[in-house]
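I have placed the structure first, in the form of structure tokens, so that the comments after it can refer back to it.
Nothing here was measured: the structure is a model prediction, and the numbers come from that model. Below, chain A is the first sequence line, B the second, and so on; all start at residue 1. Only this structure's heavy atoms are used, side chains among them; waters, hydrogens and symmetry mates stay out.
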Amino acid sequence: MIQMYNVSMIYPNGVKALTDVSLHVRKGDFIFLVGPSGAGKSTLTKLIFREELPTRGQIMVNGINIARMKDKEVPYLRRKIGVIFQDFRLLPNKSVYDNVAFALEVAEASSKEIKKLVPAVLKLVGLTNKADMLPTELSGGEQQRVSIARAIINNPIMIIADEPTGNLDPETSWEIMNLLVEINKLGTTIIMATHAKDIVDGLKKRVIAIENGRVVRDEQKGAYGYES
Amino acid sequence: MIQMYNVSMIYPNGVKALTDVSLHVRKGDFIFLVGPSGAGKSTLTKLIFREELPTRGQIMVNGINIARMKDKEVPYLRRKIGVIFQDFRLLPNKSVYDNVAFALEVAEASSKEIKKLVPAVLKLVGLTNKADMLPTELSGGEQQRVSIARAIINNPIMIIADEPTGNLDPETSWEIMNLLVEINKLGTTIIMATHAKDIVDGLKKRVIAIENGRVVRDEQKGAYGYES
Amino acid sequence: MKVRTVGYYFQEALTSLRRNGLMALASVGTVAVALLILGGALLTVLNANNIMKSVENELLISVYLQEGVDETAIGDLEQQINDTPGVAKSRFISKEESLEKLRQQFGETKGSLEFSRNPLPDSFEVNAEKSNLVKGIADKIRGLSGVEKVNYPAEVVQKLSTLVEWVRLIGAVIIILLALAAVFLISTTIRLTVFARRREIGIMKFLGATNWFIRWPFVLEGVFLGLAGALVSGLILYFVNFYIVEAVKQFPFMRVQTDMKDVYIILGSLLGGGIFIGAIGSVISVRKFLQV
Amino acid sequence: MKVRTVGYYFQEALTSLRRNGLMALASVGTVAVALLILGGALLTVLNANNIMKSVENELLISVYLQEGVDETAIGDLEQQINDTPGVAKSRFISKEESLEKLRQQFGETKGSLEFSRNPLPDSFEVNAEKSNLVKGIADKIRGLSGVEKVNYPAEVVQKLSTLVEWVRLIGAVIIILLALAAVFLISTTIRLTVFARRREIGIMKFLGATNWFIRWPFVLEGVFLGLAGALVSGLILYFVNFYIVEAVKQFPFMRVQTDMKDVYIILGSLLGGGIFIGAIGSVISVRKFLQV
Ligand SMILES: Nc1ncnc2c1ncn2[C@@H]1O[C@H](COP(=O)(O)OP(=O)(O)OP(=O)(O)O)[C@@H](O)[C@H]1O
Ligand SMILES: Nc1ncnc2c1ncn2[C@@H]1O[C@H](COP(=O)(O)OP(=O)(O)OP(=O)(O)O)[C@@H](O)[C@H]1O
Ligand SMILES: [Mg+2]
Ligand SMILES: [Mg+2]
């Protein structure tokens, strides 16, 4: 599903966010990206859906070389990837319902489909009674859940989640994680950057640890810290 | 330091965020606010520094009735309270240094003081080498630490922290918590809304649990969940 | 592009207009003001041009004939004058007619202007097509046989013809400048509107929206803004023009013959211009924020 | 307010201008365009007014005297005419002078205008102070003894006086409208600039900034924008006015006596207006977002 070969990312201001990263992600993988603050986790995820282009190296997503991709093709790649952003990125002028519906709108889904799917997904994340509110009228955790709903509604082939439980209480976090595990079981690849030790240790999935822009550990059934 | 009497908060859209909350916070307290997503934790903190006015009830902060306070006096109240916002609220056009310096600037501190204090605080949160960057050039955790630095630099009588470690790895989280504990020891009251079970359980401070807008538990040396 | 998506575009544009009420109003206002000024200038120049033309037509060349030129010679002369390139029309004035005029000029007391014989000459009054042709025509006619003297308000004519050229030139320059200013104002307003929503555009891109999917609502919004502004300014101009033309028509030396077709063309261009600028302004303004 | 804080305000304003480069440029441009149009209109009306005045001065009342009025009576009459309220000046023209003029008018051929005795009357040329006084003066003079007939370009005078009033009125209305438009455009621009930074303002408030602490940089920014725009428009207007006045001066019937003091007053007001609008616009625009 994803192949990275010697990828380096240097931001315009000179910060070396990633250095020489090589990775293989198979279809159906469930991966935790862990590492200290500023290690480069978000940068790695941004490369996959082409928010940023790598300074060096090759990235293949779903068989397509991302660097060589035409600008016109980028939207179609992005529609196949559901992204839960660290900073939510909700549209401020749209209600919760419209924010979630937007992912379908973008893919020109039928109005019937939208009317069926959106309430169902809102129910999954527990926001049915907040459907008509604006993002600014939500608590932090509620905003995060809207962003989760939007990421999964499109039935994507891959979900990228950047600290999707950072603003959630343990109980809600586990509900969301169980949801992601279910989705993963249906074949969707999941890449999740997180600091939640409990969750990583509890689920025993593949763990990729990044420090200072380098992959320092890549374990199947791994834990948050080094097994000690 | 803070007295709340039968405080209720209903947002304009009709959401009952807090119902009949009464609280006493003494000077030097270290309080964890816990509760599920959307319980009303952020709303409670917003009432203290008067981001919102309560629908009903009285709030005294530092001996002043907040509802009766004149608009002109509000800034002086806020300068005494350091707030770490859940959504960071960094000024997008100012560098990390200027964002932190702004809290001093607002209080018309001398340029000498600013030049002395800002680098020291940036060092405390581990951002010395990011001083010249803009917030958009930072990782989520780095932004959170800027917001922490800004909240503590003014030597406030009270710090309100809304999930200050949501985007931080466990190690950095503990560094920040230790910092807050130190500051607390010097006499600063600290109120922290959080979902970090480890931290709450580890520090054994006063815990106030909110559910559905009501205080359901208020324990000295408490834990995140009910002792079971 | 599905019908449903087109519906979405319209809905988006309208919702955005409603949500950004104040800004939308500001934009419509700016477009209206810009087009009002531009349209006002266009109509002013149009009317001024018509006034100028009527003033030009008043400029007469007086051709005085020699004593004793007979009727057939006068007929010949009239033919020759009318054949001179640039002559709009000519009128023969007999010496009797001239004397009558003179009498009227200096009061009516009998006797004060009684001559043994009429000392005034026969003459022609000649109108030129354009004021800058007057001198040439006068020189040509002076050479014709039977002509004693040709008079024209020499300095005035020359200066007037220069003035008319100048007014036209300055008018054109002013209108071009105002048109540029209008385009600038409108596109600035749209740019600021888009700028305030740059983050939204970025988010849409990250969710897999194509550029045109993002652009369309903005373009429609721009079109609505441009249209609304143009309509407001158009209506105001129409009535103001109407009243001013009516008022000015009272003055005999300002026989304004403003063709309503011209007015409609100007108003139509304003409308088209407003819509076009609104749409193009949106496309250009959005472009910068689509690069993600 | 400490000196250090004032320094901070200036620094903030300048930094913000630099960071929002494009928007700042757009604002300056808008201010410049708005003031340019306004100033242009002011100068046009000023010049037109001067032209009008010079045209008014050309309007003559011709007073023809009866035959045989003697020199002392003429002197009396001159006195009486000059004492008539509204008369600017008068000039006596003897019958000989009149004849000379007439001769010049109809060619130079001797003989054609030789009379047994001069049939033309003595006359006065009288200038009125204002065109709408002409009729009154003429009526008064007509009643004086020794006056045979009083002529004045009756219709023209009446119409002209109405026209002049109209031009002044319309000019005033247009200028007021343009001034409103300028204020509107400038304040809109500033409002949009502030709107794009509404979040920032909220954040500052939450950090304990007083309203004036937040306002000052915006006010200074507004002042800079207004100043820059006013300077640009002022310079352009100064030179355009200069060239146009020079060009127009060539025409004798447009003896424009534009007092440079008036021009400086207009340019000065533009500058002051730009700064004022910039500052006030900022204060008003920021106000809405200070309510947190
Ligand atoms: N747009 C940007 N421009 C410049 N530097 C950036 C940008 N985004 C991130 N960086 C820098 O790149 C490094 C890696 O950032 P990244 O966001 O990938 O970290 P992260 O692992 O997601 O951290 P966190 O857990 O705090 O979110 C950081 O040092 C950050 O300062
Ligand atoms: N500005 C607002 N307008 C309307 N409703 C709001 C607003 N802010 C919050 N709410 C609602 O009030 C309730 C409490 O919100 P609050 O932000 O206090 O929750 P919280 O305990 O901080 O949750 P989290 O842990 O997710 O941040 C939620 O149901 C939320 O939807
Ligand atoms: Mg990150
Ligand atoms: Mg909260």
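- Heavy-atom contacts from other residues, nucleotides or ligands closer than 6.0 Å to NZ of K27(B) number more than 12.
- Side-chain contact between F102(B) and M204(D) is present, with heavy atoms from C-beta onward closer than 4.5 Å.
- The aromatic rings of F206(D) and F85(B) sit tilted relative to each other, their planes meeting at an angle between 30° and 60°.
- Taking the side chain as every heavy atom from C-beta outward, N93(B) and E12(D) never approach each other to under 4.5 Å.
- Considering every non-hydrogen atom in both R79(B) and T210(D), the closest pair reads NH2-CG2, 3.3 Å.
- For chain B, the nearby part of F213(D) is the side chain; its heavy atoms alone come within less than 4.5 Å.
- Heavy atoms of other residues, nucleotides or ligands lying less than 6.0 angstrom from OH of Y5(B) number more than 12.
- Going from atom CG of L207(D) over to atom CD1 of I81(B) covers 12.0 Å, rounded to the nearest 0.5 Å.
- Environment of OH in Y11(B): crowded, with over 12 heavy atoms of neighbouring residues, nucleotides or ligands closer than 6.0 Å.
- Between P75(B) and G208(D), the shortest heavy-atom contact is CB-O, 3.4 Å.
- With a 4.5 Å cut-off on non-hydrogen atoms, K80(B) does not touch chain D at all.
- Using a 4.5 Å heavy-atom threshold, the side chains of R78(B) and K205(D) count as touching.
- Neither the backbone nor the side chain of L104(B) has a heavy atom closer than 4.5 Å to any heavy atom of chain D.
- Chosen from G82(B), P92(B), A151(B), the residue pairing most often with chain D at heavy-atom distances under 4.5 Å is P92(B).
- Between the side chain of R89(B) and the backbone N or O of I203(D), no donor-acceptor pair lies under 3.5 Å.
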